[in-house]
Number of protein chains: 2
Amino acid sequence: MTQINAETGARVRRVTIVDVAQHAGVSTASASKVLRNAYGVSEAMKQRVQASMDALGYRPHRPARGMRGRTFTLGLLVSDIENPFFSLIADGITSVVRSQGYELLISPGGYDAGSQNAVIDALIDHQMDALVLIGPVVTGADLERIAGEIPLVVVGRHSRSAALDSVSGDDELGSALVVDHLVALGHRRIAFVANQQDSLEPDRPESVRLAGFVEAMARHGLAESAMVVDSRWSLTGGHEAARVIAETAEAVTAVFAGADVTAFGIMSELWERGLRVPDAYSLAGYDNSRMTSIGPIDLTTVDQSGFEMGETAGRLALERIGGRTESRHVLLRPRLILRSTTRSVAAGG
Amino acid sequence: MTQINAETGARVRRVTIVDVAQHAGVSTASASKVLRNAYGVSEAMKQRVQASMDALGYRPHRPARGMRGRTFTLGLLVSDIENPFFSLIADGITSVVRSQGYELLISPGGYDAGSQNAVIDALIDHQMDALVLIGPVVTGADLERIAGEIPLVVVGRHSRSAALDSVSGDDELGSALVVDHLVALGHRRIAFVANQQDSLEPDRPESVRLAGFVEAMARHGLAESAMVVDSRWSLTGGHEAARVIAETAEAVTAVFAGADVTAFGIMSELWERGLRVPDAYSLAGYDNSRMTSIGPIDLTTVDQSGFEMGETAGRLALERIGGRTESRHVLLRPRLILRSTTRSVAAGG
DNA sequence: TTGAAAGCGCTAACAC
DNA sequence: GTGTTAGCGCTTTCAA
């Protein structure tokens, strides 16, 4: 693509490192060393080259850098860019890597393993220096393969792989916080809305939250009155779950939705039936996404501190790029956010 | 970065076009022609090379392609990845460009011109084949400069520049749809929540929606009873606007929030004051974002068909890459979505 | 400490 | 129709 200047009709040629070197009267090798802050350049040389770079408005060409060294770019896989939680993570990553000259490029990979794998490959083909994957649905074997090709940090999977790093919330604890809260309010018959998966990777948050729910209920001696509704963590999944729950013979008094978006679907379905939360039953979500706090919603939920997760993921990625090969697996502590959708069973919900 | 295979300890070397050529027993030039689907290759050659590519699992190295030709990658600037409207646009773009072998990389540029310009430069440095900018806040002069460096499509600014393409909703019409609807319901004193900007670029949707509101009110002979509240299009901006409106001597009966997120903030502020929509006043948003449809919200709003905008933007970008130099400026028709937050003034809201 | 030169993976002239 | 080769902008040995 040779771009033409709209006004003058002249071609706009990029300023290259050769231009900088000529302007400064040094070799390109020296200019490169200054650019990379490499070892073995005199202070005087550094000053001169830096001055030329500024004067010419030099900006290194990333693909060219990537052909030999680094692109100074991290790739981020998300399923869908509209998830506010992902946005927090992205901001967290950016906040720690930007100061090191790194930037972040994001690619939406959809919700199935096939398309996610394709997008991951594309990110690798772009010569990213490292990859951060948020809640990937690909298999553990896929992750191992990817980690063999590029430094890899996975967010939201409770991995124990030796080949990659992971950072996630303690979803088991998160579920326990919700159950403990509901039980303290007097609830006994509690439903959990599970996210049905095609491939059941045990380290996915869906699996861990479900396990945490089951275990917490058992701990309270409530294994018998625990109900698991298989659905999807989506708006429509929430609607469906609410319909299933409505048809249950023994009515539950509280529902733990597993994810905020599912809770929104449930609220919406109840609303259409003329029912209200927490009058119909108490309701809790998971994620503390932005809309949970607005008045008409005001949903009890679990906060995962996405920004901090992002910071951690960014730091881990930089360490990997820097040469670390032993794996790190970080678990962050979730917090229960109490709002008005959960209340004492005595109050009738 | 030389990656080490975790299991074997062997280096994983990429399959290059040289490997493909050797495997197929042809020159790299021929392999390249097959890859690019270029003119002047026999069917037999094509078959052989393609077979070798499949056999070796060849994936072209994008930076290397970009050094001579195209990277087959589009860059997308968004302010923040969590806006569901942006997600729709991204999906629309992807749907039209993927079939041409293109993919999309997204970068969040924040809300001020400085950081957006920096991110745009970074995207250019990555040798993207074209750029799509969603609602950029940079100046018109900046856009001209960028268009001189790379094929450019701007979404959401009513540009008339000869150097770039644009696609946006007809925001003037959108505002008119809302005002007509409210007036038909009997409302006279109507407030518009404006998004205060640092730099007042007249082609920004904020400006056009405001102008559309003012004009539509005048058309109905209601210039005197139109109220404009200066705030921000954000959750907190909505809260502030609601407080300002509450303190107004002559009470309005309807509020047009300018953006859904602002309407959410208003609903939330009212909720905290024990007031409900549309009892306090009728309320309309703009964007038809996902949460508008859920029961407890059910907000009257304006749909901008983001997916179609994305498709259009993708098509325009591909045409630019293909060589078109005359500019195209596309305006899409918005639709009013009637829900329960607006009702007849006679009904008391 | 500095510079010359090779080469990363690919494309595009140009020759055959 | 096919192959040879120079070169994109940068980094990295290796000499000087």
Side-chain angles (χ1 to χ4, degrees), chain A residues 1-3 11-49 52-53 56-73 101 124-129 321, chain B residues 1-3 11-49 52-53 56-73 101 124-129 321:
Chain A
M1 282 304 318
T2 306
Q3 271 293 301
R11 283 179 203 79
V12 178
R13 200 177 65 80
R14 274 188 84 90
V15 175
T16 73
I17 201 167
V18 177
D19 300 322
V20 171
Q22 282 177 347
H23 186 272
V26 302
S27 72
T28 57
S30 299
S32 172
K33 278 180 191 155
V34 173
L35 175 62
R36 286 173 291 133
N37 224 329
Y39 185 77
V41 270
S42 66
E43 190 57 31
M45 160 84 69
K46 200 167 168 179
Q47 299 290 339
R48 273 198 18 228
V49 172
S52 295
M53 286 180 172
L56 299 176
Y58 171 69
R59 280 161 26 202
H61 191 258
R62 303 230 177 201
R65 297 191 83 172
M67 299 225 43
R68 299 292 308 208
R70 300 177 182 171
T71 53
F72 291 92
T73 309
I124 294 172
D125 296 343
H126 270 280
Q127 187 83 335
M128 303 287 180
D129 291 340
I321 292 169
Chain B
M1 285 301 319
T2 306
Q3 271 293 299
R11 283 178 202 79
V12 178
R13 199 178 66 80
R14 275 188 82 91
V15 175
T16 73
I17 202 167
V18 177
D19 300 322
V20 171
Q22 281 177 347
H23 185 272
V26 303
S27 73
T28 57
S30 299
S32 173
K33 278 181 191 156
V34 173
L35 175 62
R36 286 173 291 134
N37 223 330
Y39 186 77
V41 270
S42 66
E43 190 56 31
M45 160 84 69
K46 201 168 169 179
Q47 298 291 338
R48 272 195 22 224
V49 172
S52 294
M53 286 179 171
L56 299 176
Y58 170 70
R59 280 161 26 202
H61 191 257
R62 302 230 178 203
R65 298 190 82 173
M67 301 233 30
R68 298 296 309 216
R70 301 176 182 172
T71 53
F72 292 92
T73 309
I124 293 173
D125 296 344
H126 270 280
Q127 186 81 337
M128 303 286 180
D129 292 339
I321 291 169

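The sequence lines fix the lettering, A, B, ..., with proteins before strands; numbering per chain opens at 1.
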Notebook entry, point to check: How many Å lie between CD1 on A:Ile17 and P on C:dC8, as a whole number?
Noted result: 19 Å

Check: First contact, last contact: which nucleotides of DNA chain D are these for chain A, 5' to 3', heavy-atom distance under 4.0 Å?
Finding: D:dG9 to D:dT12

Notebook entry, point to check: If we only count heavy atoms from C-beta on, is the A:Val34 to A:Arg48 side-chain gap below 4.5 Å?
Noted result: no

Next item on the list: Indicate whether OP1 or OP2 belonging to C:dT1 is found under 4.0 Å from a side-chain N or O atom of A:Ser42.
Entry: no

Notebook entry, point to check: Taking the nucleotide of DNA chain D with the closest heavy atom to each, which residue, A:Pro60 or B:Val26, is nearer the 5' end?
Noted result: B:Val26

Note to self: How many whole angstroms separate atom CG of B:Asp129 from atom P of C:dT11?
What the structure shows: 12 Å

Notebook entry, point to check: Does the side chain of B:His61 reach to within under 4.5 Å of the side chain of A:Gln127, using non-hydrogen atoms?
Noted result: yes

Note to self: Can you work out whether A:Lys46 or A:Ala64 has the more 5'-proximal nearest nucleotide on DNA chain C?
What the structure shows: A:Lys46

Next item on the list: Using the closest heavy atom to pick a nucleotide of DNA chain C for each, name whichever of A:Met45 or B:Leu35 lands nearer the 5' end.
Entry: A:Met45

Checklist line | For the student: nearest non-hydrogen atoms of B:Thr16 and B:Asp19, plus distance | finding: N-OD2, 2.8 Å

Next item on the list: Specify the separation, in whole Å, of atom CZ of A:Arg65 and atom C1' of C:dG7.
Entry: 18 Å

Notebook entry, point to check: From A:Ile17 CD1 over to A:Ser27 OG, what is the distance, rounded to the nearest 0.5 angstrom?
Noted result: 9.0 Å

Margin query: Under the side chain to side chain contact (heavy atoms under 4.5 Å, CB included) test against B:Val20, which residue among B:Thr28, B:Leu35, B:Leu56, B:Val26 passes?
Written below: B:Leu56

Check: Do B:Glu43 and B:Lys46 touch side chain to side chain, with heavy atoms closer than 4.5 Å?
Finding: yes

Check: If you find the nucleotide of DNA chain D closest to A:Phe72 and the one closest to B:Ser27, which residue's nucleotide is nearer the 5' end?
Finding: B:Ser27

Check: In whole Å, what is the span from the NE2 atom of A:His126 to the P atom of C:dC10?
Finding: 14 Å

Which pairs, protein N/O on one side and nucleotides 12-16 of chain C N/O on the other, fall under 3.5 Å?
{"residue": "C:dA12", "atom": "OP2", "partner": "B:Arg36", "partner atom": "NH1", "Å": "2.6"}

Check: In chain order, what residues pass the side chain to side chain contact (heavy atoms under 4.5 Å, CB included) check against B:Met128, with sequence neighbours excluded?
Finding: A:Leu105, B:Thr73, B:Leu105, B:Leu123, B:His126, B:Leu131, B:Ile150

Notebook entry, point to check: Is the shortest heavy-atom distance from the side chain of A:Arg36 to the side chain of A:Arg65 under 4.5 Å?
Noted result: yes

Margin query: Classify A:Tyr39 by what it touches in the nucleic acid, base, sugar-phosphate, or nothing, heavy-atom distance under 4.0 Å.
Written below: nothing

Notebook entry, point to check: Separation of A:His61 atom NE2 from C:dC8 atom P, in whole Å?
Noted result: 19 Å

Checklist line | Atom pair CD1 (B:Ile124) and CZ (A:Arg14), whose distance is rounded to the nearest 0.5 Å | finding: 8.0 Å

